[in-house]
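Report on the structure given below.
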Amino acid sequence: MARLTVPSVLTSPRDDAMQLYKAFKGLGCDKAAVINILAHRDATQRALIQQEYRSMYSEELNKRLAKELSGNLEKAVLLWMCDPAGRDATLVRKALSGDVIVATEVICSQIQYFKQLYHSMFGVYLEHMMITKRAHLAAVSASYHSMYANSLKKAVKSETSGPFEFALLTILQCAENPAKYFAKISSCGYWEWQDDVLPDRALTTINNMNYKLDAANVKLNNMKSTMDAIILERDRLKERVDGLKALKNSEANKARKLEEKVLNMKIVIMISWAIFIGFVAAILMK
């Protein structure tokens with residue numbers, strides 16, 4: 001099973017392109033140098049290397065690799081240089097001329113997207129590979145069983161054989177449960193290919209970002225708690241202010257009533273003095 005190991009410190013795509021060009025020079029290709037570079041780069045990095053190589057040397061890196069390498073190493077490296085979808089298209093391109101099993105499994109995994117990509121790469125439409133939508137195929141299979149008391153898969157097995165039988169059964173199984181089918185198949189090593197495993201530094205970056213996110217969430221929750229406490233204290237202060245205003249109004253009413261009483265008492269005293277003085281004056285005049 002292929003696994004990608006990316007070194008912790010990477011050279012730039014430009015430096016990688018220069019090192020590859022250097023490996024191609026001389027009497028023979030330095031295969032170890034080529035493998036050491038390309039086998040330790042993910043799909044994104046390999047694409048950048050191809051761009052830099054094309055820009056610097058006006059030549060496609062894949063074509064140069066095909067010239068310098070041979071045999072299984074050439075096949076493996078050229079497949080490795082593709083992105084996952086492009087690798088699918090390349091495999092099917094070769095498989096359609098001989099191995100229908102590989103072609104069927106690849107196409108059934110991502111039929112619509114794959115058809116578009118295949119046409120863009122090779123200029124050929126896969127119209128003979130047109131497959132009804134998965135939901136419709138599942139409904140057809142159920143209806144067939146209901147109408148004829150026999151499963152559609154059994155009918156296919158009894159009426160067909162060879163690669164055509166395999167293709168039809170694969171399509172039906174993908175229609176019913178594609179995840180279950182691809183988890184069980186072991187007919188070709190392609191499905192064991194693993195590409196673009198995250199390097200340690202990427203995992204470290206993700207973990208750091210998750211840690212910062214968790215810390216930000218904790219800080220946000222603390223800010224919410226603080227805000228709730230401030231709002232509660234504000235409401236309490238508002239109640240106290242309202243109470244003080246009510247008390248002030250009450251005291252003001254009491255003071256006003258007291259002033260009115262004092263004023264009334266002054267008037268009574270003045271009238272009493274006036275009567276008393278008038279009474280004394282009347283006595284003295286007799």
Side-chain angles (χ1 to χ4, degrees), residues 3-15 41-49 51-52 55 83-85 109-110 112-113 116-117 133-136 138-139 142 176-180 183 194-286:
R3 290 189 179 275
L4 172 66
T5 302
V6 178
S8 57
V9 179
L10 284 176
T11 56
S12 68
R14 185 178 183 86
D15 289 337
R41 304 294 186 269
D42 60 27
T44 301
Q45 293 159 349
R46 295 194 301 271
L48 293 174
I49 293 173
Q51 292 178 9
E52 288 290 344
S55 174
D83 60 18
S109 65
Q110 300 187 66
Q112 190 59 39
Y113 172 67
Q116 297 173 357
L117 181 64
K133 290 183 178 179
R134 185 157 56 89
H136 180 68
E176 292 176 357
N177 192 332
K180 181 179 179 181
Q194 292 186 359
D195 191 8
D196 297 347
V197 177
L198 287 175
D200 291 339
R201 68 179 185 281
L203 293 175
T204 301
T205 301
I206 292 173
N207 291 333
N208 289 338
M209 292 178 66
N210 288 333
Y211 173 78
K212 291 180 180 179
L213 179 60
D214 292 339
N217 288 332
V218 171
K219 191 172 182 180
L220 180 60
N221 291 332
N222 290 337
M223 291 176 64
K224 288 181 178 178
S225 299
T226 303
M227 183 62 67
D228 292 340
I230 291 174
I231 293 174
L232 181 61
E233 185 64 23
R234 182 202 64 183
D235 294 339
R236 289 177 179 174
L237 290 174
K238 185 178 180 181
E239 291 179 357
R240 292 183 61 183
V241 169
D242 292 340
L244 290 173
K245 285 182 178 179
L247 179 61
K248 180 181 177 181
N249 292 334
S250 176
E251 293 297 326
N253 290 333
K254 289 180 181 179
R256 187 167 52 253
K257 290 180 180 179
L258 183 59
E259 289 177 355
E260 291 176 354
K261 288 181 179 181
V262 171
L263 180 60
N264 290 334
M265 290 179 66
K266 287 181 179 180
I267 292 174
V268 170
I269 292 172
M270 290 176 65
I271 293 174
S272 298
W273 272 104
I275 294 174
F276 176 75
I277 292 172
F279 179 74
V280 172
I283 294 175
L284 292 175
M285 289 178 63
K286 289 183 178 180

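Sequence positions, counted from 1, serve as the residue numbers for this chain.
Residue pairs satisfying the side-chain hydrogen bond (donor to acceptor under 3.5 Å, both in side chains) criterion with at least one member in residues 228-244, sequence neighbours excluded, are absent. Residue pairs meeting the side-chain hydrogen bond (donor to acceptor under 3.5 Å, both in side chains) criterion with at least one member in residues 246-257, sequence neighbours excluded, are N253-R256.
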N/O donor-acceptor pairs under 3.5 Å from side chains in residues 258-275, not counting sequence neighbours:
{"residue": "N264", "atom": "ND2", "partner": "E260", "partner atom": "O", "Å": "3.1"}
{"residue": "S272", "atom": "OG", "partner": "V268", "partner atom": "O", "Å": "2.8"}

Acceptor/donor pairs from residues 213-226 side chains to any protein atom, 3.5 angstrom cut, sequence neighbours excluded:
{"residue": "N217", "atom": "ND2", "partner": "L213", "partner atom": "O", "Å": "3.3"}
{"residue": "N221", "atom": "ND2", "partner": "N217", "partner atom": "O", "Å": "3.2"}
{"residue": "N222", "atom": "ND2", "partner": "V218", "partner atom": "O", "Å": "3.3"}
{"residue": "S225", "atom": "OG", "partner": "N221", "partner atom": "O", "Å": "3.0"}
{"residue": "T226", "atom": "OG1", "partner": "N222", "partner atom": "O", "Å": "2.9"}

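The side-chain contact (heavy atoms from CB on, under 4.5 Å) with P13 is formed by just one residue from the set Q51, R46, E52, R41; it is E52.
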